[in-house]
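Below is one structure, written out as structure tokens; the observations come after it.
Just the heavy atoms: all of them, side chains too, but no hydrogens, waters or symmetry mates, feed the values below. Source: prediction; values computed, not measured.
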Amino acid sequence: MWDLHVHTAFSCDSEAEIARYAQRAVQIGLDAVCFTDHVDYNPADHGCRYYRPEEFLRSLHEARAAYGEQVMLCAGMEFSEPHLYGEQFAELSRLPFDCIIGSIHWIGNMFPCREVRARCAAKEFYTLYWNEMLKTVRHGGFDVLGHLDFPKRYYQEIWYREDTMREIFSRLIDGGMVPEINTSSLRKGYPETLPGDELLQLYRAVGGRCVTIGSDAHTVEDLGADCDAAERMAEELGLVPVMYVGRKRRMIGQRKALSIECSF
């Protein structure tokens, strides 16, 4: 088992320490964890400029020294709207991360909170969201597209045009990036992952092959949550779970296989 989307106290919305995650990973038998703390530059986000990369890397180094023989601990970040903050994104991308997740959380100053949902119908918000997503995948430069249909976690429904999704997936594949299967929605009352079976089938039909799997945990207790179900789902859809080490795509399986580069 592995969990490749995990938030620590270096994200503004988590208080979990890296060392506690490492302890928990060993307890539940995880083979690998990737810490992907939020990097936000939207002034409307209360975590704007909260991330402290040097402190994060130092803390991760200490955890690796203590637990690295028992579990692989990877360095990552989840950068919001990378196409809007190109200079900051390029600067942080030069740091020794194993994996970079690109995500969309904001549409201008709109986050899909209760207030926004009250005045912006799902179809209207999704239309804006997919337009922003296209800009993100055209920009590229990251490894994994985080929680593809993120608004679903709040609207509890999804709306999309198939031609738009095909373009997003094609751009993703051409750019050497992969989507993740994010299990956080299962803990928040929605019956399927982000994205779910329908969009993943479309990704496969466009030619997609690889995915990553992550819980989007913000607490130690949620580490690895439903990742086994996501792995089974990927297998049923003919998708290959991968991870990134040193920004290179790797096969997932036995620990000895983690050093084998995945060519597709």
Side-chain angles (χ1 to χ4, degrees), residues 5 7 10-14 36-53 76-93 99-172 174-175 177-180 182 184-185 188-190 192-196 199 202-203 214 216 218:
H5 189 152
H7 294 277
F10 293 99
S11 292
C12 69
D13 52 359
S14 173
T36 54
D37 283 301
H38 289 296
V39 182
D40 295 290
Y41 285 95
N42 187 318
D45 195 299
H46 67 284
C48 181
R49 299 181 182 274
Y50 181 89
Y51 185 60
R52 307 179 304 282
M77 67 172 173
E78 181 183 11
F79 198 106
S80 298
E81 301 86 44
H83 62 289
L84 295 179
Y85 310 102
E87 183 177 341
Q88 296 92 331
F89 180 69
E91 180 180 355
L92 282 175
S93 295
C99 178
I100 296 176
I101 297 176
S103 296
I104 299 292
H105 293 107
W106 290 86
I107 307 298
N109 64 351
M110 290 196 306
F111 184 91
C113 61
R114 183 181 302 174
E115 179 185 345
V116 169
R117 296 196 304 273
R119 59 185 171 85
C120 190
K123 181 177 179 180
E124 180 183 357
F125 191 89
Y126 270 109
T127 299
L128 297 171
Y129 178 82
W130 296 131
N131 287 339
E132 208 68 15
M133 181 68 71
L134 270 172
K135 295 174 185 176
T136 292
V137 296
R138 286 169 181 159
H139 179 276
F142 50 90
D143 307 302
V144 176
L145 182 61
H147 42 57
L148 174 69
D149 47 1
F150 175 70
K152 183 172 70 181
R153 205 162 76 183
Y154 299 90
Y155 275 93
Q156 297 286 293
E157 62 179 293
I158 185 171
W159 181 91
Y160 65 90
R161 289 171 50 99
E162 183 173 323
D163 58 342
T164 301
M165 297 311 307
R166 284 182 174 274
E167 183 177 356
I168 289 172
F169 287 139
S170 295
R171 294 274 186 173
L172 201 66
D174 291 345
M177 299 166 284
V178 305
E180 70 168 353
N182 185 301
S184 62
S185 52
K188 296 180 183 296
Y190 198 81
E192 66 176 27
T193 55
L194 308 172
L199 285 181
L202 184 55
Y203 168 65
D216 209 340
H218 286 67

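Between the side chain of Asn42 and the backbone N or O of Gly108, at least one donor-acceptor pair lies under 3.5 Å. In this structure, Ser185 contributes its side chain and Glu192 its backbone to a donor-acceptor pair below 3.5 Å. For Asn182 (side chain) and Ser184 (main-chain N/O), a donor-acceptor pair under 3.5 Å exists by modelled atom type. Between the Asp149 side chain and the Leu194 main chain, no donor and acceptor come within less than 3.5 Å of each other.
For Phe125 and Tyr155, the gap between ring centers is short of 6.0 Å.
Using a 30° and 60° split on the angle between ring planes, His105 and His147 fall in the perpendicular class, above 60°.
Phe111 is linked by a ring-ring contact (aromatic ring centres under 6.0 Å, His included) to Trp106, Phe150, Tyr154, counting only residues two or more places apart in sequence or in another chain. Residues passing the side chain to side chain contact (heavy atoms under 4.5 Å, CB included) test with Asp13, sequence neighbours excluded: Ser11, His38, His218. Listed by chain and number, the residues in a salt bridge (charged side-chain N to carboxylate O under 4.0 Å, His left out) with Glu162 are Arg166 (sequence neighbours excluded).
The pair Glu157-Lys123 does not meet the salt-bridge criterion, since no charged nitrogen lies less than 4.0 angstrom from a carboxylate oxygen. For the pair Asp216 and Lys188, the salt-bridge criterion is not met [side-chain N within less than 4.0 Å of a carboxylate O].
Between the CG atom in Leu84 and the CD1 atom in Ile104 there is a gap of 7.0 Å [rounded to 0.5 Å].
Closest approach of Leu148 to Tyr129, counting heavy atoms only: O-OH, 2.8 Å.
Judged by a 6.0 Å distance limit and a 45° cone about the ring axis, Arg52 is positioned over the six-membered ring of Tyr50.
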Inset, instruction - Carefully, step by step, assess Met133 and Arg171 under the rule side chain to side chain contact (heavy atoms under 4.5 Å, CB included). - result: CA-CA 11 Å; Met133 181 68 71; Arg171 294 274 186 173; over 6 Å; no
